[in-house]
Amino acid sequence: MLVSSFLLLSLTTLAQGFTLRTWDEAYALASTIVANLTLPEKASILSGVGQFDSRCVGNTTPIPRLGIPAICFQDGPAGVRLVKNVTGFPSGINAASTFSRRLMQARGQAMAEEFKAKGVHVFLGPAMDIMRNPKAGRGWESFGPDPYLNGEAAYSTIIGVQSVGVQACAKHLVANNQEHWRYGLSAIVDDRTMQELYFYPFIRAIEAGVTSIMCAYNQLNGTSSCHNAGLLGPNGLVRKAGFRGYVVSDWGATHDSVADNANAGLDMEQPGNNIVIGGGVFGVGGTNLAKSNSGVSTARIDEMATRVLAGYYRLGQDDPSYPAVSFDAQHSDGSGSLNLHVDVRSAAHTALVREIADASAVLLKNNRTSTATSGGGGSGNGSDGGSGTTIRGLPLAKERIKTMAVVGQDALLPNMSCNDLNECNDGTMSIGWGSGSNSLQYIVPPITAIQNFVGTGATIATSLSNDLSAGPAAAKGKDVAIVFVNAMSGELGGYDTVVGNMGDRNDLALWWKGGSLVEAVAAVCSNTIAVIHSVGPVSVSWSQHPNVTGIVYAGAPGEQTGPSIVDVLYGAVNPSGRLPFSIDESEASYGTSIVYNSLGFPVVNYTEQLLIDYRYMDAKGITPHYPFGFGLSYSTFAYSNLKISTSGSGATSSVVVTFTVRNSGAVAGTEIPQMYLAFPASAGEPKRVLRGFDEVKLGVGASAGVTMNLNAREISTWDVKSQSWIRPAGTFTVTVGASINDVRLTGTF
Ligand SMILES: *[C@@H]1O[C@H](CO)[C@@H](O)[C@H](O)[C@H]1NC(C)=O
Ligand SMILES: *[C@@H]1O[C@H](CO)[C@@H](O)[C@H](O)[C@H]1NC(C)=O
Ligand SMILES: *[C@@H]1O[C@H](CO)[C@@H](O)[C@H](O)[C@H]1NC(C)=O
Ligand SMILES: *[C@@H]1O[C@H](CO)[C@@H](O)[C@H](O)[C@H]1NC(C)=O
Ligand SMILES: *[C@@H]1O[C@H](CO)[C@@H](O)[C@H](O)[C@H]1NC(C)=O
Ligand SMILES: *[C@@H]1O[C@H](CO)[C@@H](O)[C@H](O)[C@H]1NC(C)=O
Ligand SMILES: *[C@@H]1O[C@H](CO)[C@@H](O)[C@H](O)[C@H]1NC(C)=O
Ligand SMILES: *[C@@H]1O[C@H](CO)[C@@H](O)[C@H](O)[C@H]1NC(C)=O
């Protein structure tokens, strides 16, 4: 089960039920068709036909005489949105928390199976925006602040999505890192920071063969992303990186003239008309583009149309068996002409959602102690302990616990009739709000899952609000109290203020006084377990409280949230999730801020350059509460036998790192070894950067060899002068361990 850190899977070998074509084959087919299209026909596939009157969230005009359907674009990155009978998948940030390429790819594939079965051509994901600031509203849709983890997750997701013949859309290009002012703020990002941090996941998306990229609402360097030739033009970032697909605008992210956008490199505008502050540049159905005075050459229009059709042909979407669109997301109230709600769920998808939720739960604290009050020992897993033994911490010993309390509104079923952006926070938080949210048709909340699991084996006192008196009253004197707390964020729209937060979170505090609730319960119950459902880092000032014997950071895990937390709390699953960001008390530890107040669209200077999250903490000597990559297990793992070999030079350099991991504890489990690299000082890199991870499943006493490969780019920095990746001279230090700060092996090359 040793997966190399950049195993290049051939798409063809994964292709299911369709013929994957090469880009050249796809281009040949697309060119033939484009040669037969009239100018208005070409233009009609380069712009949407208008939001709120068509089926998918984005649509092109069909060309029946050539058998080309309306291309259907649909949200979102965690499952099909705005329709019924679909699965609510875990968020992107939870996929990142698994540190498992296997699960990231399986998630992409399963989601795409549902998009395809509904007739969607383009999955509007994955999101791969770097979590520049921990409060960023849409951070949870992507894979966190580290470019390598974000890039590997984007790569694996796209391989999974496109393996079933659905196009992926890498978004949002670029520096789309806060919700406040996003429709026009200008991010100022220098070239090296762009290549090594914000653009890096897009490089991996292009390597995965992604068919489309979405340009963002915000400006970069003072120019709107969708008419920014530095990003999209022939010499811009995406084409220089080898991208052969098409660039589509975020919904309404176009400004100025048709020529400004098309000539800068934008290939398609969606949704075709004005939705927010821009949009409608190409005209609904491309009418402006088709005008003789558009200022866009025929050759450029041909190039645009060819790129769009190449994506469609590359993934075999011309196959007559490709399902037709069977829903009307624009009339999800049922007033539309099509509302079949084909059931695309499956037992396999439900099981996968639970497996990812299980594998993304991060055990932050576990003070497992046992006190023999009359006979019996108390070492080992949750099933042990003689009669009368009091066991604190995790996993919970089902047969030992006779009285328990479940506290907090986050354990409850949320309002399932919340608006279609999921802008409520009145129960358990399983996903953030906005266009990246799930259609929450079905969810198993923690309280239901716990009650089902416990049955009549224990009495359960509940206080399913965040009332600071009722919670402790329920918890007092119980064998265990489980406190559920949360924090949420989402996308900025026209009116989306949720509990006073406008997209980006206002602060890092748990919502509804969650921190005070944990403290109030811990004051009266010496075995208090906190479960955090959050979209990103939160303040946990109470984490060292001696009565808080366990903390599980479960993120935003999707519809199987209840069953998965039972799996982890009771030890059916040994936790292996790892933090895809650092957790510290205050925003000041993270090196960036969000611009909330401004007189008009602000200029946001990325002066911190490469130093965000753990890279900033390393530079400033800050030790966070819980470091990047951290997560405990019910077992222990030993590392040995580090070997490093190098070969090649310059652009062909590569490094192979091998070591052994052994399960030295008493329970089977999965270890997530991580490799960090310290560049030679002259390189000017952050002190340490993530460059490898793997999942290693091991029975008690078992060991396995792990191999991690570094390619030339992964041991290089971006050289602005030569516009290329160059390996700096000098000695690199490799550290391998269980988190960035839990170093077990060190070597150099
Ligand atoms: C496209 O045009 C070529 C040349 O005029 C013709 O041979 C071919 O049949 C046309 N194909 C379609 C699909 O119309
Ligand atoms: C943005 O401007 C910076 C200089 O401030 C430059 O280094 C960088 O290359 C520019 N990026 C793009 C994509 O034009
Ligand atoms: C969902 O699919 C089931 C079949 O599994 C069907 O009976 C039901 O009507 C569908 N739901 C809706 C809202 O159409
Ligand atoms: C764990 O709990 C025991 C018993 O209350 C206490 O003595 C010990 O200090 C705790 N350890 C940690 C690391 O909190
Ligand atoms: C659920 O949310 C909807 C939409 O916001 C609202 O109209 C309804 O009153 C809510 N239901 C409950 C029980 O709060
Ligand atoms: C821990 O809980 C016990 C009740 O079991 C309580 O007496 C004690 O004061 C609590 N400790 C703290 C530090 O709150
Ligand atoms: C970014 O830098 C520009 C130019 O120095 C300055 O005008 C602007 O206020 C800065 N933006 C912020 C948010 O500090
Ligand atoms: C815990 O230990 C018992 C007894 O050795 C064993 O039967 C059980 O499978 C173990 N549980 C886990 C989760 O390993």
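Both counts, for ligands and for their atoms, begin at 1 and track the order of listing. As the structure is a prediction and not an experimental result, all values here were calculated from the model.
Counting atoms of ligand 4 from 1 in the listed order, those under 4.0 Å from a heavy atom of Arg392 are 2 (O), 4 (C), 5 (O). If you number the atoms of ligand 4 from 1 as listed, the ones under 4.0 Å from a heavy atom of Asn367 come out as 1 (C), 2 (O), 3 (C), 8 (C), 10 (C), 11 (N), 12 (C), 14 (O). Within the listing of ligand 3, atoms 1 (C), 2 (O), 3 (C), 8 (C), 10 (C), 11 (N), 12 (C) sit less than 4.0 angstrom from a heavy atom of Asn85.
Judged by distance alone, the side chains of Asp319 and Ser321 do bring a donor and an acceptor atom under 3.5 Å apart. No side-chain N or O of Thr528 forms a donor-acceptor pair with one of Asn547 less than 3.5 Å apart.
Not a single heavy atom of Lys365 sits under 4.0 Å from any atom of ligand 4.
None of Asp426, Asn466, Asn425, Asp467 except one satisfies the side-chain hydrogen bond (donor to acceptor under 3.5 Å, both in side chains) rule with Trp512; the exception is Asn425.
Backbone and side-chain nitrogen or oxygen atoms of Lys84 are examined, and none is located within less than 3.5 angstrom of a nitrogen or oxygen of ligand 3.
Nearest heavy atoms, Val667 versus Ser635: O-OG, 3.1 Å.
With hydrogens and angles disregarded, a donor-acceptor distance shorter than 3.5 Å links the side chain of Glu559 to the backbone of Gly88. Using a distance-only test at 3.5 Å, with no hydrogens or angles considered, a donor-acceptor pair links the side chain of Glu585 to the main chain of Val540.
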In a simple table, one pair per line, please give the protein and ligand 6 atom names for every N or O pair closer than 3.5 Å, along with the distance.
residue  : atom   : partner : partner atom : Å
ligand 6 : 2 (O)  : Asn547  : ND2          : 2.3
ligand 6 : 11 (N) : Asn547  : ND2          : 3.0
ligand 6 : 14 (O) : His545  : NE2          : 3.4

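Between Tyr676 and Tyr614, the ring-plane angle classifies as perpendicular under the 30° and 60° cut-offs. Under the 30°/60° scheme for interplanar angles, the aromatic rings of Phe99 and Phe628 are found to stand perpendicular.
Annotation: Phe581 is in aromatic contact with Tyr553 [ring centroid separation under 6.0 Å].
Under 4.0 angstrom from ligand 4, there are no non-hydrogen atoms of Gln544.
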